[in-house]
Amino acid sequence: MVRCVPSQPGIVWLARVAILVSVSGCTPPGASPTLPPAAPASALAPITSPPEWRPGDRWVYGWTSGSETGTKTVEVVEIREINKVTFYLVRVGDLEHFYTRELQWAGTMREQKVESRMSPPQPWFVWPLEGGRRWTHHATYEDANSKTEVADRFSVVSTELVEVPAGRFNAVKVVRETDRRDVDEYWYAPEVRFYVKWVGRRGDAQFEEQLREYRQAPRLIPGPPSSSPPSTTK
């Protein structure tokens, strides 16, 4: 994404040019590009708690931005404990993103060096995630170039049946608004533990992502989190 406070559910637009990863058109083993038809969206109950991610969970998105198109792969690579807080480390290209257990975005690192951080972490989701829910976020975003104060407003506006290349999903639509010209609409689907569609605007530029593939890691054997902190060298 353009240089701005990162928007991730997601996650990831801040460094879009650097983190786009091409994937083949073949379906990898374990992927589920086509899922059974979902129930009517009206049947989607409030989502009471955050999903559990595991190392190996993997989402592949197709994106468009103006006349440009491409793919982006998001993969959970590790569960790590830092200062008694547990984080998911999620790789997108050559960046690793930190998410809390509640899927709040906390920052990025590259080659074990922190590149950006959000204090407190950005709550792309709150739980229970249900119609009419609203929340705000006031924080400081910091990277090697600057420090920026953040004031975001989030709201759950509807539940919808969304069709994307990976299939049809019952999803909760969340809208994020800012005091800048940044706006995000994203659709969280509990079936895949993340968003299946994301439409965003940064100034005059607009982009869209749609889920192409989702691969779930095995859930049989729990793995203990690592406790080694990353370097804080910029």
List the residues meeting salt bridge (Lys or Arg N to Asp or Glu O under 4.0 Å) with Arg201, not counting sequence neighbours, and say none if there are none. none

Sub-6.0 Å ring centroid separation between Trp198 and Tyr61: no

Among residues at least two apart in sequence or on other chains, which ones pass side chain to side chain donor-acceptor pair (under 3.5 Å) with Ser158? Glu160

So, using side chain to side chain contact (heavy atoms under 4.5 Å, CB included) as the criterion, who are the partners of Thr140 when residues are at least two apart? Lys147, Glu149

Please confirm whether the ring centroid of Tyr214 lies under 6.0 Å from the ring centroid of Phe194. no

Set of residues satisfying ring-ring contact (aromatic ring centres under 6.0 Å, His included) with respect to Phe87, sequence neighbours excluded: Phe98

For Val199, all residues meeting side chain to side chain contact (heavy atoms under 4.5 Å, CB included), sequence neighbours excluded: Glu185, Trp187, Lys197, Gln206, Glu208

Partner set under salt bridge (Lys or Arg N to Asp or Glu O under 4.0 Å) for Arg91, not counting sequence neighbours: Glu96

Going by the rule side chain to side chain donor-acceptor pair (under 3.5 Å), which residues pair with Tyr88 if we only count those two or more places apart in sequence or in a different chain? Arg101

Side chain to side chain contact (heavy atoms under 4.5 Å, CB included) against Pro121, all qualifying residues, sequence neighbours excluded: Thr100, Gln104, Ala106

Can you list everything that forms a salt bridge (Lys or Arg N to Asp or Glu O under 4.0 Å) with Glu52? Sequence neighbours excluded, please. Arg54

Partners meeting side chain to side chain contact (heavy atoms under 4.5 Å, CB included) with Arg153 (sequence neighbours left out): Thr136, Glu177, Asp179

The remaining residues in the hydrophobic cluster of Val183, counting side-chain heavy-atom contacts under 4.5 Å among Ile, Leu, Val, Met, Phe, Trp and Tyr, are none

